[in-house]
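One structure below.
Atoms considered below: every heavy atom in the structure, side chains included; atoms not considered: hydrogens, waters and symmetry mates. Protein chains get the first letters and strands the later ones, always in sequence-line order, with residue 1 at the start of each.
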Amino acid sequence: MPELPEVETVRRVLCRRVLDRRIEQVEVLERRLRMPVALDFASRLEGRTIRELRRRAKYLIACLDDDCVWIVHLGMSGKLIAVPPDRPRERHDHLVLRLAGPLELRFHDPRRFGLAVVLAPNELAAWPPFRSLGPDPLVDGLDPEDLWHRVHASGRSIKDLLMDQGVVAGLGNIYVNEVLARAGVRPAARACRLPRATVERIASEIPLLLQEAVRWCGTTFSDYRDGDDRAGEFQRHLRVYGRTGEPCRSCGTAIRRSARGNRGTFYCPRCQK
DNA sequence: CGGTGGACCTGCTGGC
DNA sequence: TGCCAGCAGGTCCACC
């Protein structure tokens with residue numbers, strides 16, 4: 001579900017809701033997430049204050065006043081929302097953080113592919129999910145030269161390569177499909193066979209697409225909601241993702257969904273070579 | 001080492 | 001109406 005623009009949207013909304021609020025009480029209702037929620041999770045957050053909210057790729061990073069960080073990943077179906085405490089709890093609300101002030105934070109995740117961990121400052125750099133992350137296109141920027149080297153050396157399809165978080169951190173299935181549509185490249189094209197100019201085009205389209213999606217508050221297909229539990233709007237602007245059989249926005253040809261591959265792959269057979 | 005395929009979960013949809 | 005197969009935006013690990 002949530003890729004970089006969705007996580008960035010959650011971050012921006014929650015900045016307005018939770019910064020400088022003390023965490024009064026933490027309830028852990030379900031520990032079985034992608035990694036089990038640690039036994040001391042609640043005690044490490046209670047009494048702390050969230051001073052800053054950052055993002056790296058699809059990870060949200062809440063910086064606490066004791067210099068520890070609380071890291072959240074939303075997986076496929078996760079939501080992190082700030083709501084009034086009297087709003088009824090729902091099935092799959094796994095973590096509830098009561099904050100000073102009028103709101104509480106709820107982590108909700110039906111499929112439990114999400115993640116919530118607290119790390120000490122010295123653990124952050126060595127934390128395995130972070131060690132292998134490539135550049136975040138909005139935080140670090142994308143160097144076309146670096147991307148060219150990775151692309152040129154790879155025997156995989158360009159779609160698989162861009163889905164690899166070690167190559168570009170933050171893209172997922174929706175935005176990889178969309179980037180390739182904008183760059184005019186077939187998802188199944190072998191990465192190493194793409195001309196340099198095409199790779200440069202991909203490198204420049206990635207941050208433009210992500211920024212545009214952030215301006216529309218992300219893409220909501222079914223589950224995704226921002227920090228106020230509101231849907232995004234970018235699904236109305238997608239060029240190929242989920243548009244099988246619908247006309248290409250530039251040439252009118254029916255969008256195709258490729259049969260092979262484990263994830264949905266969408267492209268315009270005329271505009272993407 | 002690079003690359004692939006399946007596993008991890010629940011919920012929803014469409015076909016029969 | 002009920003059941004079952006297939007599919008979903010992510011990541012990790014075993015295996016070739």
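- For the pair Arg32(A) and dT10(B), the criterion of a side-chain N or O lying under 4.0 Å from OP1 or OP2 is not met.
- Between Arg156(A) and the phosphate of dG2(B), there is no side-chain N or O to OP1/OP2 separation shorter than 4.0 Å.
- In this structure, Ser154(A) reaches the dG3(B) phosphate: one of its side-chain N or O atoms is under 4.0 Å from OP1 or OP2.
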Which dot-bracket notation, 5' to 3', represents the base pairing of DNA chain C when pairs are defined as Watson-Crick or G-U with both distances under 3.5 Å, crossing pairs as [ ], and inter-strand pairs as |? .|||||||.|||||||
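- Residue Tyr175(A) is classed as having no contact, given no heavy-atom separation below 4.0 Å to the nucleic acid.
- The list of side chain to side chain donor-acceptor pair (under 3.5 Å) pairs with a residue in residues 8-19 of chain A, not counting sequence neighbours, reads Glu8(A)-Arg11(A), Glu8(A)-Arg12(A), Glu8(A)-Arg55(A), Arg17(A)-Asp228(A).
- Under 4.0 angstrom from either OP1 or OP2 of dC8(B) there lies no side-chain N or O belonging to Arg111(A).
- Counting any heavy atom pair closer than 4.0 Å across all strands shown, Gly155(A) reaches sugar-phosphate atoms only and no base atom.
- Taking only side-chain nitrogens and oxygens, His92(A) never comes nearer than 4.0 Å to OP1 or OP2 of dT10(B).
- Phe107(A) and Trp70(A) have their aromatic ring centers separated by at least 6.0 angstrom.
- Counting to the nearest Å, the C1' atom of dT10(B) and the CG atom of Asp223(A) are 10 Å from each other.
- Remark: ring of Phe113(A) does not overlap the six-membered base ring of dT11(C) in a stacked fashion, as centroids less than 5.5 Å apart with planes less than 30° apart are not both met.
- Within 6.0 Å of CZ on Arg193(A) lie no more than 12 heavy atoms contributed by other residues, nucleotides or ligands.
- Residues Lys159(A) and Asn173(A) have side chains in contact (heavy-atom distance under 4.5 Å, counting atoms from C-beta outward).
- Across the P atoms, dG6(C) and dG6(B) are found 13 Å apart, a figure rounded to whole Å.
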